[in-house]
Amino acid sequence: MIQIFGMPFQQTDMWPSGSIESMIVQRMNEDQIVYSYQSVDELSFELKLRKNIIASARAMNGGHADFEIFENSRCNPQYWHLTRSGGFQLKRDVMPSDAIQDIYKNSSLYAFECATAKVIIYYHAVLNSIGEHLFNRLFRPLYLYSWHFDPDLGIHAIKTRHFLPGDIVYFNNPDFDPEASWWRGENAVVLEDDTYFGHGVGIGTAEQIIDALNQKRKPGEGNQSAYLTNSVARPSFKHLANISMLPRGYRDYKVQYIKVHHNEISISCDRHLFYLNEVYKRITYSNPFS
């Protein structure tokens with residue numbers, strides 16, 4: 001259910017019947033979890049961003065960016081430095097908004113794996129939600145590699161079976177062929193029509209994505225089917241909504257997250273966060289008085 005400032009929210013005519021926004025509100029109200037907001041504006045921002053995530057996913061599906069492992073990653077050198085780890089580092093003289101938009105405008109120049117694709121979709125959707133001026137203040141420097149993200153994007157993983165359009169879910173393939181480890185799983189955006197977008201497999205139903213993964217199991221011995229997990233990745237909608245409402249001169253001072261170059265393709269968001277937390281634990285234990 002939805003609550004606005006502690007009070008139950010009943011959908012009004014704010015969003016047309018049959019619209020993506022109206023559908024998301026309906027699915028929220030059907031959930032046992034309480035979706036709590038301080039204002040209608042905060043809810044409206046999340047609906048807008050979720051709608052833009054869907055649009056960005058469909059736009060990537062319609063483009064020409066290839067799926068590739070890290071060592072074969074490609075990017076437009078006009079905007080990015082390609083690192084030895086297969087990541088994309090924003091050039092110093094380039095605006096973050098221009099670089100993200102270029103991935104869509106000149107998609108044939110790019111190749112990346114599916115986790116990186118989902119973070120790109122998030123950045124593109126946020127850009128279309130908050131505008132270039134604020135986006136360029138928030139997201140410099142910008143680095144794309146697997147699930148690595150800027151703190152203001154606030155990506156986190158939750159456990160739920162109640163998916164909302166704009167969520168990113170994970171299909172696990174436990175018996176993937178070790179010679180093709182990129183088929184270990186698939187990160188996929190939940191679309192509004194009960195289909196999913198996964199970079200490398202395209203748009204399909206859950207059954208179609210599972211079938212595609214099952215074709216890539218261990219030869220002769222893999223018999224455990226792929227499956228849709230209950231792991232869901234979401235950006236921090238509330239944080240981004242609050243930032244979008246701050247005065248134009250707002251400055252964000254923050255410490256960037258450590259880059260974790262695990263070289264594991266197509267991993268889930270919670271697996272990446274586990275690796276990140278392990279790095280910070282080691283730093284803490286080695287510097288107990290820091």
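We use all heavy atoms of the structure for the numbers below, so side chains are in, but hydrogens, waters and symmetry mates are not.
Considering F88, Y145, F112 in turn, Y145 is the only one that fulfils the ring pair (Phe, Tyr, Trp, His ring centres under 6.0 Å) rule with F70.
Enclosure of atom CD in Q32 is not indicated, since only 12 or fewer non-hydrogen atoms of other residues, nucleotides or ligands lie within 6.0 angstrom. A 6.0 Å sphere centred on CZ of R161 holds more than 12 heavy atoms belonging to other residues, nucleotides or ligands. At most 12 non-hydrogen atoms from other residues, nucleotides or ligands lie less than 6.0 angstrom from NE2 of H64.
With 3.5 Å as the limit, one finds no donor-acceptor pair spanning the side chains of Y35 and E46. Side-chain N/O atoms of Y110 and D102 include a donor and acceptor closer than 3.5 Å. Using modelled atom types and a 3.5 Å distance limit, the side chains of E113 and T116 yield a donor-acceptor pair. Between Y275 and E264, the side chains place a donor N or O and an acceptor N or O closer than 3.5 Å (distance only, hydrogens not considered).
Interatomic distance, CG of N29 versus CD of Q3, reported as 10.5 Å (0.5 Å rounding).
A donor-acceptor distance shorter than 3.5 angstrom exists from the side chain of K254 to the backbone of L138, with no hydrogens or angles considered. Panel note: side chain H156, backbone D270; no donor-acceptor pair is recorded below 3.5 Å. Of the possible donor and acceptor atoms, one in the side chain of R140 sits under 3.5 Å from a partner among the backbone N and O of R92. Looking only at distances, a side-chain donor or acceptor of Y104 sits under 3.5 Å from a matching main-chain atom of S56.
Aromatic pair Y196/F171: centroids less than 6.0 angstrom apart. For F237 and F45, the distance between ring centers is not under 6.0 angstrom. Between F139 and Y123, the distance from one ring center to the other falls under 6.0 angstrom.
Closest non-hydrogen pair, I121 versus I53, comes out as CG2-O, 3.7 Å. Taking both residues in full, the closest heavy atoms of S244 and I130 are given as CB-CG2, 4.1 Å, listed atom of the first, atom of the second, then distance.
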Distance-only criterion, 3.5 Å: show the donor-acceptor pairs between side-chain atoms of residues 177-184 and protein atoms not counting sequence neighbours.
{"residue": "D177", "atom": "OD1", "partner": "E179", "partner atom": "N", "Å": "2.9"}
{"residue": "R184", "atom": "NE", "partner": "I265", "partner atom": "O", "Å": "2.8"}

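Salt bridge R74/E68: absent, no basic N to carboxylate O contact under 4.0 Å.
No side-chain heavy atom of S268 sits less than 4.5 Å from a side-chain heavy atom of T229.
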